[in-house]
Amino acid sequence: MRHLVSGAAGFIGSHLCDRLLADGQEVVGLDNLITGSPQNIEHLRSRANFRFERCDVSIPVPESLIPGRFDQVWHLASLASPKHYLAHPIETLESGSSGTRNMLEIARRDNARFLITSTSECYGDPVVHPQVETYWGNVNPVGLRSCYDESKRYAEAMTMAYWRTHAVRTNIARIFNTYGPRMALDDGRVVPAFLDQALHGLPLTVFGDGAQTRSFCYVSDMVEGLMRLSQSEERFPVNLGNPLELTILEFAQRISRLAGENLKIAYEPLPSDDPKQRQPDITKARTILGWEPKVKLEDGLRETLDYFKSLAAVSARP
Ligand code: UDP
């Protein structure tokens, strides 16, 4: 099979490319590198089945750049960390809107399957807990985070429209907080932020009182979920995430334990519209995909910490 992956140099995108290539597939990866990193796919450059093109999928991708037909189109390109999407709100809206439309057009043209990575942010600051796919969400449509939330909600609506209008075989993954190697250390999300602070023995920056909750899924589990979903006939959104829910303060304590140090906590202001709680109900994924996360938080965090240590070792070399 021949796959087109947008966001191929990103955190999850690069792991998806690894998996597809390991399965013997052919992959063409696209990324504008606004947040993706060439390092994430450096190890794939020499692979005969892999090709990378730097381009912005918010603009229709010229056929001359990616000749030939595709069997599966994956649209992962998006700014994903609050720090980045707050700095680039228009690009964020564009990748979810025009980017989704352009990738869907390629799938329609080629009669290919299509999968989009949507987000738990579709639920906004949820009042239904845990979040189930049938919940419509509680999103501030004009707040600072709206560039991300609303672009993904639009992307879901456009994806459903392509299925209903053009019978494109679409899948929508609503992915919850995901972590692992190849996250950018400075992307501001809580996992790299705390691990970076732990590596340097610095206080952990907890925003607000730390009572807000999140549920963290390791990237290999996420990729397995995406692979399974891409084979399913389910057209409505499916939650993918790890149901283990922790307050951010509890999460900070886990990081302290992992680092083997009693790290201090530095309280900082809570960003606006920061969801108070988030936990996926994965009954649907369990039932229709036979999927659930396997990697324990401690194991996944250790892998991620080792990755960040290895980066630090490389940059410290003369
Ligand atoms: N957070 C924190 N300290 C940090 C970074 C984030 O306490 O240095 C909090 C943030 O306010 C949110 C949670 O951790 O409640 C997860 O934030 P992240 O940016 O990783 O993802 P989000 O789920 O908000 O998209």
Side-chain angles (χ1 to χ4, degrees), residues 10-12 35 76 78-89 92 95-96 117-126 129-131 137-140 143-153 173-219 222 239-256 258-259 263-280 297 300-301 304-305 308:
F11 159 50
I12 301 180
T35 54
L76 277 71
S78 178
L79 295 104
S81 108
K83 176 177 152 187
H84 288 147
Y85 59 70
L86 296 180
H88 301 281
T92 304
S95 63
T117 46
S118 182
T119 172
S120 55
E121 285 281 324
C122 287
Y123 304 120
D125 190 9
H129 193 73
Q131 290 74 60
N138 177 34
V139 172
N140 175 351
L144 286 174
R145 294 173 86 108
S146 65
C147 59
Y148 185 65
D149 304 8
E150 294 294 10
S151 86
K152 292 289 192 178
R153 287 164 67 101
R174 281 197 187 140
I175 69 179
F176 285 64
N177 296 64
T178 305
Y179 71 99
R182 302 192 197 143
M183 291 186 96
L185 199 50
D186 62 351
D187 87 1
R189 280 182 282 188
V190 71
V191 173
F194 281 6
L195 289 177
D196 190 31
Q197 289 154 359
L199 274 175
H200 294 94
L202 294 169
L204 303 176
T205 52
V206 168
F207 297 167
D209 60 6
Q212 70 273 34
T213 68
R214 292 293 187 275
S215 310
F216 298 98
C217 183
Y218 190 62
V219 66
M222 182 55 64
N239 286 341
L240 294 178
N242 192 316
L244 174 71
E245 181 188 20
L246 296 172
T247 68
I248 292 301
L249 212 46
E250 285 165 345
F251 185 61
Q253 284 151 5
R254 300 254 188 148
I255 297 277
S256 259
L258 179 81
L263 296 164
K264 290 201 176 67
I265 303 287
Y267 289 95
E268 293 193 3
L270 191 66
S272 75
D273 293 333
D274 197 283
K276 284 185 271 307
Q277 51 184 0
R278 195 184 283 155
Q279 181 191 31
L297 185 63
L301 286 175
T304 313
L305 186 65
F308 287 138

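In each ligand, atom 1 is the first atom listed, and ligand 1 is the first ligand listed. Hydrogens, waters and symmetry mates play no part in the numbers below; they use all other heavy atoms, side chains included.
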Checklist entry - So between V190, D187, T178, whose heavy atom ends up nearest atom 14 (O) of ligand 1? => result V190
Next on the checklist: F207 versus ligand 1: do any nitrogen or oxygen atoms come within less than 3.5 Å of each other?
Outcome noted: yes
Checklist entry - Which bit of K83 is near ligand 1, meaning a heavy atom under 4.0 Å away: side chain, backbone, both or neither? => result neither
Item to check | Residue and atom name of the nearest protein heavy atom (relative to atom 16 (C) of ligand 1), distance in Å to one decimal | outcome: R214 NE, 3.6 Å
Item to check | CZ-NE2 distance between R278 and H129, expressed to the nearest 0.5 angstrom | outcome: 11.0 Å
Next on the checklist: I need the nearest protein heavy-atom contact for atom 15 (O) of ligand 1: residue, atom name and distance, please.
Outcome noted: D274 OD1, 2.6 Å
Checklist entry - Identify the closest protein heavy atom to atom 9 (C) of ligand 1: which residue and atom is it, and at what distance? => result Q212 NE2, 3.9 Å
Item to check | T213 OG1 to L249 CG distance, which is reported to the nearest 0.5 Å | outcome: 12.5 Å
Item to check | Nearest neighbour in protein (non-hydrogen) for atom 13 (C) of ligand 1 | outcome: I248 CD1, 3.6 Å
Next on the checklist: List ligand 1 atoms under 4.0 Å from V206, heavy atoms only on the residue side.
Outcome noted: 7 (O)
Checklist entry - Which is it for S81 and ligand 1 at heavy atoms under 4.0 Å: side chain, backbone, both or neither? => result neither
Checklist entry - Below 4.5 Å, heavy atoms only, C-beta onward: do R254 and L246 meet side chain to side chain? => result yes
Checklist outcome for this item: Near P271 (heavy-atom distance under 4.0 Å), the atoms of ligand 1 are 11 (O)
Item to check | Min side-chain heavy-atom separation F11-L76 under 4.5 Å | outcome: no
Next on the checklist: Looking at R153 and C122, would you say the former's side chain and the latter's main chain have a donor-acceptor pair under 3.5 Å?
Outcome noted: yes
Checklist entry - Any side-chain heavy atom of E245 within less than 4.5 Å of one from Q277? => result yes
Checklist outcome for this item: Here the atoms of ligand 1 under 4.0 Å from any heavy atom belonging to A193 are 8 (O)
Checklist entry - Using a heavy-atom cut-off of under 4.0 Å, does the side chain or the backbone of T205 touch ligand 1, or both, or neither? => result both
Next on the checklist: Taking a cutoff of less than 4.0 Å between a non-hydrogen atom of the residue and any ligand atom, is Q197 in contact with ligand 1?
Outcome noted: no
Next on the checklist: Geometry only, no angles: is R278 polar-contacting ligand 1 at N/O separations under 3.5 Å?
Outcome noted: yes
Next on the checklist: Is any side-chain heavy atom of P203 closer than 4.5 Å to one of Q197?
Outcome noted: no
Checklist entry - Considering only heavy atoms, does N177 approach ligand 1 within less than 4.0 Å through its side chain, its backbone, both, or neither? => result side chain
Item to check | Derivation and outcome, side chain to side chain contact (heavy atoms under 4.5 Å, CB included), residues N242 and F176 | outcome: CA-CA 8 Å; N242 192 316; F176 285 64; over 6 Å; no
Checklist outcome for this item: If we number the atoms of ligand 1 from 1 as shown, the ones under 4.0 Å from a heavy atom of P82 are 19 (O), 25 (O)
Checklist outcome for this item: In terms of its nearest heavy atom to atom 22 (P) of ligand 1, the top option of R189, Q277, R145 is R145
Next on the checklist: Whether the E268 and T205 side chains hold a donor-acceptor pair (N or O, under 3.5 Å, no angle test) is what I'd like checked.
Outcome noted: no
Next on the checklist: Distance check, rounded to the nearest 0.5 Å: Q279 atom CD versus N239 atom CG?
Outcome noted: 10.5 Å
Checklist entry - Non-hydrogen atoms of G188 versus ligand 1: any pair closer than 4.0 Å? => result yes
Item to check | Within-4.5 Å side-chain heavy-atom neighbours: F216 and T304 | outcome: no
